[in-house]
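Notes follow once the structure below has been shown.
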Amino acid sequence: MNFELSEDIKFLKQSIKDFIDSEVDPLAMEIEEKDEIPEKIMKMSKEMGLFGLSIPEEYGGTGIGMVGKCAIYEELGRTHNGYTTVIGAHTGIGSVGIVEMGNEEQKRKYLPKMASGEMIGAFALTEPSAGSHATNLKTTAVKKGDKYILNGSKHYITNAPIADVFTVMAVTDPSKGAKGITSFIVEKDFPGFSLGKNEKKMGLRGSHSAEIFFEDCEVPVENVLGEEGQGYVNALKILANGRAGLAARNLGSCEKLLEMSVQHAHSRVQFGKPIFEQQIIQHYLADMAMEIEALRSMTYRVAWMVDQGMKVIKEAAMVKLLGSEVYNRVADKAVQIHGGIGYIAEFPVERFYRDARITKIYEGTSEIQKNIIAAQLKQQYL
Amino acid sequence: MNILVLVKQTFDTEEKLVIENGAINEDGVEFILNPYDEYAVEEAIKIKEESGADVTVLTLGPDRSESVLRTALAMGADKAVFVELEEEVDEYTLSKYIVAAVKDQSFDLILGGNMAVDSGSGQVAIRVAEEMGIPHVSTITGLTLDGNKATVERDVEGDVEIIEVNLPFLATTQQGLNEPRYPSLPGIMKAKKKPLERLSVEDLELTDMDVTVRTSVQNQYLPPKKQAGKVLEGEINQQVQELFQLLRNEAKVI
């Protein structure tokens, strides 16, 4: 057993940490106020190679494994979560489908531009009637000659307003249920594709989600991702792959909150002494640190399992669940330790608290993760 | 165009210095590429990107210092030379080693940081120029190459001096020259495949005379802790009296 990150990964992690600390974090308040990522930061992030995290070197990406990706996500998690989400949604669910299921031609066409950030990716599964019940899709795809004609709509699609390429799940055979779903690569310029308005969200400002519409949208047959009828399996694979990454982002946010909380407890004086001297505050901090450490161990272990090619359905669900729940508990304690200042929008704790909430919902709710874990237990023990 | 960049690994500027038994304690300390050397590396890579050049980076030091070469390679340098050197030597000997390490190569331009943030001597690079018999320009904030000539702007205590110099020459870089890039993720991955030549001091075949240090550090200590300031109160005449007394009797400057 070796719990050390390799020298290469430490180097990558340090470089991203320097970049985030010096260039991105000082602008976190500006991102929050303007609800947008400054163009300069987007450009620099692309130059840093952050948009090619999931893409193999031969297609212009970084080609690092899941452990390396998690090390970088951990650093990204320490800053504004909206910024992290723009990159995370692109490098995770937005591009992994093409990397894992795309054929050579599709990879050559899309991946180099996605790696450089010239093209942004998004993942479109969720519909008004298909959230946790993901197989209940109403978007249809009918084959006509060398095209599929898509009709329907998707909502809450992260990155939709800036995305160029969407991985879209649609029903090709309603009689087959989950096995009648197919995934497609849809470009924003395909005829019949349109974008709805941006949703106003509780947090994750700077990252935008919107509805997308397909009205007789024409998708060439060569843009089927994988095989027809495999769309639901593809979606599950894409989501499972991203789960350790989500946990790593939450891990970074938790560490930042712990760091701020310890510093605040040390400097805030009440009853004539720093509040750190109060046993209750020490216990809060100890609980936070312990849960963060458990999250770190699990995150990197699952990432390592992914890199070994092991089956991680159960473990990925567990780490997504733990990461989201720990982040919310840590954010709650951080606000409590900070007191009034933790509720004021001029300070980052309040932002992390709001941004934490979505992690229990997106890419599979905490409840759905438990269902996945239980289904795996059934297979394992019965 | 061949460019050599001299770099050094230094303490992270945010580290606290701890001195134990007259030596600086390195336990748990983060080491970085000397910030002034970052300008030198960046400038070399900019020249490479604009007009083509082969950029070699060189450092000397204990095993750990190899990491600054990896940083420079990740930023975009082409190859690296590492001279493993365990003991502390002075600037005289260092410059002898550097010149010996690259004696079989020729360079049109040599760049290095204006000084290292740890020792702050600002001598090694210019001694190398002297050894090689080429001109040097220190603390540059601008560099324009035109064929065999270069126009260099240098920082002279807040003013700018403009100098024309023929290649080959050596320049030491100052803040304001450029904005050093961060090593990008693809840059870091590519750096792993770039050539890195490792040399020992024995490989350099220098005479005992050359490697005998001319200066050595006798003692090092931290500056005394700063005392809290004193604010005088009362009538202005009284304050002046008191100030005079303090300067004379306590500070002993009058």
Side-chain angles (χ1 to χ4, degrees), chain A residues 5-26 40-65 67-76 79 87 90-91 111-118, chain B residues 7 9-16 28-39 41-42 45-46 48-50 57 59 61-77 80 82 117 175 178-194 196 198:
Chain A
L5 292 173
S6 71
E7 286 304 313
D8 287 341
I9 291 174
K10 279 190 204 162
F11 188 11
L12 292 165
K13 193 169 187 277
Q14 185 61 42
S15 186
I16 296 303
K17 181 177 168 32
D18 292 345
F19 169 69
I20 294 292
D21 286 353
S22 322
E23 307 292 337
V24 184
D25 210 47
K40 182 186 162 222
I41 294 299
M42 285 292 275
K43 188 169 169 280
M44 287 180 91
S45 305
K46 289 171 185 177
E47 286 166 359
M48 286 298 287
L50 283 168
F51 284 70
L53 276 186
S54 300
I55 296 171
E57 256 183 307
E58 56 195 296
Y59 302 105
T62 345
I64 48 171
V67 170
K69 249 167 90 169
C70 282
I72 288 164
Y73 282 143
E74 186 186 334
E75 295 303 333
L76 297 181
T79 189
I87 294 173
H90 167 84
T91 55
L111 293 183
K113 285 183 177 170
M114 292 177 89
S116 67
E118 191 186 329
Chain B
V7 297
Q9 188 188 49
T10 58
F11 261 53
D12 191 326
T13 44
E14 291 180 7
E15 294 287 352
K16 262 196 202 117
V29 166
E30 291 287 332
F31 290 94
I32 58 167
L33 171 57
N34 175 38
Y36 289 102
D37 298 345
E38 285 186 7
Y39 302 118
V41 175
E42 176 64 31
I45 299 165
K46 271 173 68 182
K48 176 187 163 181
E49 286 170 349
E50 280 157 25
V57 284
T59 198
D63 217 30
R64 59 167 159 77
S65 37
E66 194 190 307
S67 76
V68 296
L69 296 177
R70 290 203 296 143
T71 302
L73 292 172
M75 287 170 76
F82 178 52
V117 293
Q175 186 173 13
N178 53 44
E179 278 290 324
R181 67 196 68 192
Y182 296 89
S184 74
L185 302 178
I188 292 171
M189 302 304 278
K190 278 185 204 132
K192 289 197 288 181
K193 293 166 198 150
K194 291 179 177 173
L196 192 151
R198 288 183 75 102

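Proteins get letters first, then strands, A, B, ... in listed order; numbering begins at 1 in each. The analysis underlying the following values was restricted to heavy atoms, covering all of them including side chains, and did not include hydrogens, waters or symmetry mates.
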Below 3.5 Å, can you tabulate the donor-acceptor pairs from side chains in residues 184-192 of chain B to any protein atom, sequence neighbours excluded?
| unit_1 | atom_1 | unit_2 | atom_2 | d |
| --- | --- | --- | --- | --- |
| B/S184 | OG | B/G187 | N | 3.0 |
| B/K192 | NZ | A/D8 | OD2 | 3.2 |

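No donor-acceptor contact under 3.5 angstrom links the side chains of B/Y182 and A/E47, judged on distance only.
Only the side chain of A/L53 comes within less than 4.5 Å of a heavy atom in chain B; its backbone stays farther off.
Residues A/E7 and B/R70 have side chains in contact (heavy-atom distance under 4.5 Å, counting atoms from C-beta outward).
Between A/K10 and B/E30 there is no salt bridge, since no side-chain N of the basic residue sits under 4.0 Å from a carboxylate O of the acidic one.
No more than 12 heavy atoms of other residues, nucleotides or ligands sit less than 6.0 Å from atom NZ of A/K113. Residue-environment remark: CD (B/E179) stays at or below the threshold of 12 foreign heavy atoms within 6.0 Å.
In terms of heavy-atom pairs under 4.5 Å with chain B, the best-connected choice from A/M44, A/E57, A/M48 is A/M48.
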